Amino acid sequence: MLRPALVLIGITSTLSASPVWASDSAQDIPSPVRHTDLEASYQDSVVREFSLATVSGVATRYEAWPSVNGTVNFTFYWPAIRRGSHVFISASEVNNGGGRFLGYANYTVQNIAVMDGRVEFRIHIGWDSPLRISTDILVIDP
């Protein structure tokens, strides 16, 4: 039992004695190679500055979707949504009691399209059988 403790102490001592970020040789270590398909910067976009005092918004949670899996297109109708609205959507797995939980299935919100009176979006659920889904929809109007 003493041997694992000694190894752990040795590793901790080595790391704390000379952290890489504090040494001059850290610049000699190359960064890991990154693969990026698409990149963008705020400098290339139309920035719309606003004050939180003048922003209005509403949010809702909708849990009555049928159980699904794979990639599914959704449409949510709401008069609060206008073509210029900023709409943010999150999706979660829910249990039979309606409680959200962090399960093993991947839930991914994709391709949000905002129109007058509705939002269309795609959700991918990475699981072999249908699962319950809950969505939060946040609408901000600058």
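Note that this is a predicted model, so its numbers are computed, not measured.
- Using modelled atom types, one finds a donor on one side chain and an acceptor on the other under 3.5 Å when comparing Ser134 with Arg100.
- Using modelled atom types, one side-chain atom of Arg132 and one backbone atom of Asn95 make a donor-acceptor pair closer than 3.5 Å.
- The CD1 atom of Ile89 sits 12.0 Å away from the CZ atom of Arg122 when rounded to the nearest 0.5 Å.
- The aromatic rings of His86 and Phe88 sit parallel, their planes meeting at an angle under 30°, below the 60° perpendicular limit.
- A salt bridge links Arg61 with Asp136: the closest approach of a Lys/Arg side-chain nitrogen to an acidic carboxylate oxygen falls below 4.0 angstrom.
- Placement of Val58 and Phe76 within a single hydrophobic cluster is found when ILVMFWY residues are connected by side-chain heavy-atom separations under 4.5 Å, directly or transitively.
- There is no side-chain donor-acceptor pair under 3.5 Å between Thr60 and Trp78.
- Residue Phe101 places its CZ atom among more than 12 non-hydrogen atoms of other residues, nucleotides or ligands, all under 6.0 Å distant.
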*Tell me, with the steps shown, if Asp116 and Arg83 meet salt bridge (Lys or Arg N to Asp or Glu O under 4.0 Å).*
CA-CA 5 Å; Asp116 286 329; Arg83 194 175 359 180; 3.4 Å; yes
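- Counting heavy atoms from C-beta outward, Phe74 and Ile133 have side chains that approach closer than 4.5 Å.
- Atoms OH and OG1, from Tyr107 and Thr135 in turn, are 11.5 Å apart once rounded to the nearest 0.5 Å.
- Ser85 and Asp141 are linked by a side-chain donor-acceptor pair at a separation below 3.5 angstrom, with hydrogens and angles left out of the test.
- Cluster membership check: Val109 does not share its hydrophobic cluster with Val94, using side-chain heavy-atom separations under 4.5 Å among Ile, Leu, Val, Met, Phe, Trp and Tyr.
- Here the side chains of Thr75 and Val119 are not in contact, with every heavy-atom distance at 4.5 Å or above.
- Looking at His124 and Thr108, their side chains never bring a donor and an acceptor atom within 3.5 Å of each other.
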_Stepwise side chain to side chain contact (heavy atoms under 4.5 Å, CB included) check, Ile123 with Thr71_ = CA-CA 6 Å; Ile123 295 178; Thr71 302; over 6 Å; no
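- Cluster membership for Met115 and Tyr62, using ILVMFWY side-chain heavy atoms within less than 4.5 angstrom, is not shared.
- Heavy-atom minimum distance, Leu138 versus Ala59: CD1-CB, 4.0 Å.
- Taking hydrophobic clusters as Ile, Leu, Val, Met, Phe, Trp and Tyr residues chained together by side-chain heavy-atom distances below 4.5 Å, Tyr104 shares a cluster with Ile125.
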*Test side chain to side chain contact (heavy atoms under 4.5 Å, CB included) applied to Leu131 and Val68, step by step*: CA-CA 5 Å; Leu131 298 175; Val68 294; over 6 Å; no
